[in-house]
Peer 1: 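Here it is: the structure, laid out below.
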Amino acid sequence: MGALRRLLSMSKLMRTSCLVLVACVAWFAVNLVTPVGPPVLLWVPIPVGALLLTAAFHRTARTASLPAPTRRFWGHLSVSAFLVGVAHTTQAIDVLAHPGVGGAYNGPGLLIFDSGAILLILYALYRLPLTARSAGERLRVALDGGTVVAGAAVFIWHFQTRDALGSDNRGQVVGSLILGVLALVVVLAVAKVMLSGYEFIDKSALQWLAFAIFFGATSSLLQPLLGPDRPHLMVTQVGIPVVCCLASWAAERQRRATRRVVTVRRRPFSLVPYAAVVAVYVLLILETWNAGHGDQKMMVVGAVTLTALVMVRQVAAFVDNGRLLARLDHGATHDALTQLPNRSLFGQRLQQALAAEGAGRAGRPVSVALIDLDDFKEVNDTLGHEVGDLLLVDVARRLAGCAGPEDTVARLGGDEFVVVLPGADPAAAGRAAGRMADALRAPAVVNGHELPVSASIGIADGRTGDDPSVLLRHADIAMYAAKQQRGTTFLHFDETMSAPGGDHAQLRAAITDGRCFLVYQPIVSLDDGRLAGAEALVRWDHPEHGVLPPDTFIPLAERTGLIVPLGRFVLTEAVRQFAAWHAQYGAAAPTVLNINVSPRELREADYADFVAGTLATHGVDASRVVLEITESLALDLGPAVATLDRLRALGLRISLDDFGTGSSTLRLLHDCPVDEVKLDRSFTQAPASDRAPVAAAVIQLARALRLHAVAEGVETPEQAEQLRSLGYRTAQGYHFARPVPAAQLTEWMTGPPVPAQPSGLAR
């Protein structure tokens with residue numbers, strides 16, 4: 001029944017190709033027993049199957065919902081399929097015109113058109129966009145591909161080329177050699193595509209196509225099995241229809257995949273080269289067993305056994321390594337508490353949803369829903385952070401239960417969640433938000449406490465091609481507007497809404513009239529708990545919304561250019577305060593001052609001169625100032641890297657903040673001049689079993705590159721002690737102190753180390 005359902009689900013073109021193959025195999029089987037009917041009937045399925053295959057490829061190439069590279073690839077293959085049909089039709093004519101020749105026949109028509117088809121297949125594979133890989137991965141792919149080609153070469157030599165070289169027909173010898181070499185090249189190209197990963201082509205479609213091409217390149221090796229007493233039969237008569245049917249099914253699979261398929265290979269090894277080795281060894285055993293003597297047989301068996309044991313050991317090691325890599329990858333892209341995708345993975349999913357690729361996706365609606373729990377801080381303050389964490393886990397479970405198969409539910413941090421809704425127009429996004437609101441209205445029972453759950457949901461409605469940061473900002477504005485209403489509710493963004501800090505004029509005035517101020521978070525020595533440094537953080541005392549953290553107004557400052565005067569205010573005030581501490585407290589003052597800087601500031605032509613002048617004005621040594629850039633923003637530095645080089649030449653140090661959350665960490669360490677890395681809080685706060693491997697890897701990497709390492713987000717004594725044991729010397733987080741005004745930081749300078757504060761979630 002399952003096979004019948006699959007057959008009925010096929011297109012008419014595919015069903016026709018299958019029927020042609022069945023008829024071909026049946027007629028070939030009859031003639032295998034005894035010659036029946038005119039010989040031309042054995043060749044008729046070849047042009048028919050090739051025409052059906054050409055039509056299947058052409059239809060896939062004309063599917064408007066597929067990306068342009070995909071349509072181009074299948075368009076090339078449609079021409080190649082037509083050439084294959086012409087090539088083997090000419091072969092049929094040659095064979096029928098020379099009935100006494102028998103066996104394989106490589107006439108000029110077959111050689112010319114088959115060579116053209118193979119070269120066109122190679123060209124299509126060459127133009128197929130492949131995933132970018134490192135030099136080591138490219139070497140591995142080359143070695144694996146070489147293994148596959150070497151194995152195929154052994155079979156082609158044994159079954160075809162060796163006998164052809166003994167023929168008196170020079171044309172047949174040359175044709176056999178050329179087709180054999182081209183077959184090896186096709187095998188190498190297919191192996192390269194299958195081993196190196198791919199984009200734009202459906203995975204199953206490419207696998208079926210690779211199998212069809214491999215079968216077509218090697219099926220002639222079976223010709224000797226027919227024997228000399230059947231001169232009217234050739235493997236080609238059934239082999240080409242098999243190839244046409246398999247390739248037609250590949251085109252059918254691709255046509256059904258109406259959206260781009262990006263495959264990311266997670267397996268740390270490929271079974272393809274191992275299969276090639278096994279096949280060659282099977283051939284070696286068979287030949288030795290038929291022709292060898294006792295010693296040869298035992299030596300071959302021993303060699304095969306030793307190789308098999310080594311292969312099994314390698315595969316076992318690869319599997320273990322794959323599991324470790326999967327754990328590390330999951331820890332880097334998922335929130336340790338809720339196991340939802342984290343901010344980094346959310347950003348990737350949102351960019352994918354907004355990527356306008358292919359005619360079928362242009363203008364596709366995409367919505368983002370931002371969810372913020374109301375009064376979550378009170379839960380932490382009254383019942384403790386353990387209860388708060390369990391509440392977050394419960395909320396994450398409810399939100400995930402409301403998501404569709406294409407949706408992404410992520411935790412941004414603290415009590416903020418976000419949902420990407422690909423393909424959701426405003427009405428569909430409203431229905432999805434309604435389901436989430438309904439799921440969150442029921443109280444949560446946590447550790448015996450029945451806690452009411454209330455959340456505000458902001459929805460931003462967009463389309464493919466929109467800016468991800470703008471869409472998220474609109475959802476944030478809508479969420480704050482929803483907070484003005486009571487209970488769990490949701491609102492769609494519209495232009496009449498204003499966000500906290502959303503007024504350009506208000507923010508400009510705040511920078512100049514003193515409503516923007518600095519707080520400082522201690523950077524603490526893990527060995528003795530003493531003050532090692534301080535990070536300057538900006539706040540805005542908003543007249544309506546109270547004290548706002550930077551994430552509510554920095555995006556506005558970035559969009560409007562106010563980040564430049566705001567950043568210069570922060571630098572000037574922080575350096576002034578740092579100089580005042582040293583003048584008053586001397587060696588007890590913080591050793592270093594960390595200041596956050598944006599790529600927009602670094603692109604200012606006079607930024608390095610401004611920093612140098614500020615340091616000179618206040619008499620601060622440049623080596624005591626560390627400028628922090630976030631890993632995600634560092635990807636946008638571009639020409640600003642030259643400014644970083646100038647700053648380092650002045651003696652300042654550069655720190656890479658939120659280390660481990662971006663998509664190009666190692667490349668950044670190579671391309672971007674940095675002196676320090678700050679381990680992101682998502683790794684610090686992970687469970688101990690997940691925290692240690694990543695934290696240890698980062699400290700070892702920092703040591704190898706001679707970088708200073710700081711751990712962020714330390715919230716418990718256990719976290720601090722484990723980080724210290726791994727080799728970290730400095731850290732910061734709520735376990736030591738929250739960001740405080742400059743006056744309160746003097747407690748760290750006038751006496752013994754300040755006791756650690758109760759842990760808490762960073763906001």
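These numbers come from a predicted model, not from an experiment. Atom set for the values below is all heavy atoms of this structure, side chains included, hydrogens, waters and symmetry mates excluded. When a residue number appears, it is its place in the shown sequence, counting from 1.
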Peer 1: To the nearest 0.5 Å, how far apart are CG in L337 and CG in D389?
Peer 2: 5.0 Å

Peer 1: Measure the spacing between CG of L627 and CD of E601 and express it to the nearest 0.5 Å.
Peer 2: 9.0 Å

Peer 1: Are L391 and L383 close enough that some pair of their side-chain heavy atoms sits under 4.5 Å apart?
Peer 2: no

Peer 1: Does the side chain of H735 come within less than 4.5 Å of T716's, by heavy atoms?
Peer 2: no

Peer 1: Does any N or O in the side chain of T333 come within less than 3.5 Å of the main-chain N or O of L345, such that one atom is a donor and the other an acceptor?
Peer 2: no

Peer 1: Applying side chain to side chain donor-acceptor pair (under 3.5 Å), name anything that partners Q584, two or more places apart in sequence or on another chain.
Peer 2: none

Peer 1: Has the side chain of R681 got a donor or acceptor atom that lies under 3.5 Å from a matching backbone atom of E712?
Peer 2: no

Peer 1: Under a 4.0 Å threshold between the charged nitrogen and the carboxylate oxygen, would D609 count as salt-bridged to R646?
Peer 2: yes

Peer 1: Is it true that a side-chain atom of D466 and a backbone atom of R463 form a donor plus acceptor pair closer than 3.5 Å?
Peer 2: yes

Peer 1: Verify whether one side chain among D527 and S525 offers a donor that lies under 3.5 Å from an acceptor in the other.
Peer 2: no

Peer 1: In plain terms, say whether D645 and R648 are close enough for a salt bridge, that is, a side-chain N and a carboxylate O under 4.0 Å apart.
Peer 2: no

Peer 1: State, with a plain yes or no, whether a side-chain heavy atom of V710 is found less than 4.5 Å away from one of L679.
Peer 2: no

Peer 1: Could you tell me whether R349 and D407 make a salt bridge, using a distance below 4.0 angstrom between a side-chain N and a carboxylate O?
Peer 2: no

Peer 1: Tell me whether the centres of the aromatic rings in F736 and W748 are closer together than 6.0 Å.
Peer 2: no

Peer 1: Mark yes or no: R624 above the aromatic ring of F578, with NZ or CZ under 6.0 Å from the six-membered ring centre and no more than 45 degrees from the axis.
Peer 2: no

Peer 1: Identify the two heavy atoms, one from A429 and one from D461, that lie closest to each other, and give their separation to 0.1 Å.
Peer 2: CB-OD1, 4.0 Å

Peer 1: Out of V419, L412, I457, which one pairs with L370 under the side-chain contact (heavy atoms from CB on, under 4.5 Å) rule?
Peer 2: L412

Peer 1: So, do R653 and V592 sit near enough that their side-chain heavy atoms are less than 4.5 Å apart?
Peer 2: yes

Peer 1: Test your reading of the model: is there a side-chain donor-acceptor pair from H582 to the backbone of P590, 3.5 Å cut-off?
Peer 2: yes

Peer 1: Would you compute the distance between atom CG of L526 and atom CG of D528 and round it to the nearest 0.5 angstrom?
Peer 2: 9.5 Å

Peer 1: Can you give me every donor-acceptor pair (side chain of residues 723-732, partner residue at least two apart or in another chain, under 3.5 Å) with its distance?
Peer 2:
unit_1: R724; atom_1: NE; unit_2: E721; atom_2: OE1; d: 3.4
unit_1: R724; atom_1: NH2; unit_2: E721; atom_2: OE2; d: 2.9
unit_1: S725; atom_1: OG; unit_2: E721; atom_2: O; d: 3.4
unit_1: S725; atom_1: OG; unit_2: Q722; atom_2: O; d: 2.6
unit_1: Y728; atom_1: OH; unit_2: A695; atom_2: O; d: 2.8
unit_1: T730; atom_1: OG1; unit_2: H708; atom_2: NE2; d: 3.4
unit_1: Q732; atom_1: OE1; unit_2: K678; atom_2: NZ; d: 2.6
unit_1: Q732; atom_1: NE2; unit_2: Q521; atom_2: OE1; d: 3.1
unit_1: Q732; atom_1: NE2; unit_2: E535; atom_2: OE1; d: 2.9

Peer 1: Determine the minimum heavy-atom distance between A557 and L566, stating which atoms define it.
Peer 2: CB-CD2, 4.3 Å

Peer 1: In sequence, state the C-alpha distance, the side-chain angles, and the governing distance for D415 and V395, and then conclude on side chain to side chain contact (heavy atoms under 4.5 Å, CB included).
Peer 2: CA-CA 9 Å; D415 59 346; V395 169; over 6 Å; no

Peer 1: For A509, is there any backbone N or O sitting under 3.5 Å from a side-chain donor or acceptor partner on T512?
Peer 2: yes

Peer 1: Could you check whether D621 and S623, counting side-chain N and O atoms only, form a donor-acceptor pair closer than 3.5 Å?
Peer 2: yes

Peer 1: Grab the two heavy atoms, one from I371 and one from A455, that are nearest each other, plus how far apart they are.
Peer 2: CG2-CB, 3.9 Å

Peer 1: Whether the S655 and E628 side chains hold a donor-acceptor pair (N or O, under 3.5 Å, no angle test) is what I'd like checked.
Peer 2: no

Peer 1: If you count the non-hydrogen atoms of other residues, nucleotides and ligands that lie under 6.0 Å from CZ in R398, is the total more than 12?
Peer 2: yes

Peer 1: Does a side-chain N-to-carboxylate-O contact under 4.0 Å join R411 and D335?
Peer 2: yes

Peer 1: Hey, what's the ring geometry for W581 with Y520, parallel, tilted or perpendicular (30° and 60° as the breaks)?
Peer 2: perpendicular

Peer 1: Start with the C-alpha distance between V564 and R600, add both sets of side-chain angles, then the distance that settles side chain to side chain contact (heavy atoms under 4.5 Å, CB included), and finish with yes or no.
Peer 2: CA-CA 7 Å; V564 175; R600 176 67 177 81; 3.7 Å; yes

Peer 1: Short question: side chain of N342, backbone of A332 - any donor-acceptor pair under 3.5 Å?
Peer 2: yes

Peer 1: Taking it one step at a time, do S469 and D467 satisfy side chain to side chain donor-acceptor pair (under 3.5 Å)?
Peer 2: CA-CA 6 Å; S469 62; D467 188 334; 2.8 Å; yes

Peer 1: What distance do L531 atom CG and T591 atom OG1 have between them, rounded to the nearest 0.5 Å?
Peer 2: 7.0 Å

Peer 1: Between A353 and V420, which heavy-atom pair has the shortest distance, and what is it?
Peer 2: CB-CG1, 4.0 Å

Peer 1: Measure across L518 and A574 and return the closest heavy-atom pair with its distance rounded to 0.1 Å.
Peer 2: CD1-N, 3.6 Å

Peer 1: Let me see the working for Y607 and V597 under side chain to side chain contact (heavy atoms under 4.5 Å, CB included), right down to the final yes or no.
Peer 2: CA-CA 11 Å; Y607 185 76; V597 62; 3.4 Å; yes

Peer 1: Please state whether the rings of H492 and F490 are parallel, tilted or perpendicular, taking 30° and 60° as the class boundaries.
Peer 2: perpendicular

Peer 1: Examine the side chains of S456 and D374 and answer whether a donor and an acceptor come within less than 3.5 Å of each other.
Peer 2: yes

Peer 1: Hey, what do you get for CG (L440) to CG (L373), rounding to the nearest 0.5 Å?
Peer 2: 7.5 Å

Peer 1: Are side-chain heavy atoms of V611 and L571 found at a separation under 4.5 Å?
Peer 2: yes

Peer 1: CG of L615 to CG of L652: how many Å apart, nearest 0.5 Å?
Peer 2: 5.5 Å

Peer 1: Looking at side-chain heavy atoms only, is the closest gap between Q506 and R515 below 4.5 Å?
Peer 2: no

Peer 1: Under the side chain to side chain contact (heavy atoms under 4.5 Å, CB included) rule, what do F417 and L392 come out as? Steps first, then yes or no, please.
Peer 2: CA-CA 10 Å; F417 298 85; L392 292 174; 4.1 Å; yes

Peer 1: So which heavy atom on Y734 is nearest to which on P739, and how close?
Peer 2: CE1-CD, 3.9 Å

Peer 1: Would you say the side chain of H542 lies within less than 4.5 Å of the side chain of V547, judging by non-hydrogen atoms?
Peer 2: no

Peer 1: Does L451 offer a backbone N or O that forms a donor-acceptor pair with the side chain of H449 under 3.5 Å?
Peer 2: no

Peer 1: Quick one, L745 and P522 - any side-chain contact, counting heavy atoms below 4.5 Å?
Peer 2: yes

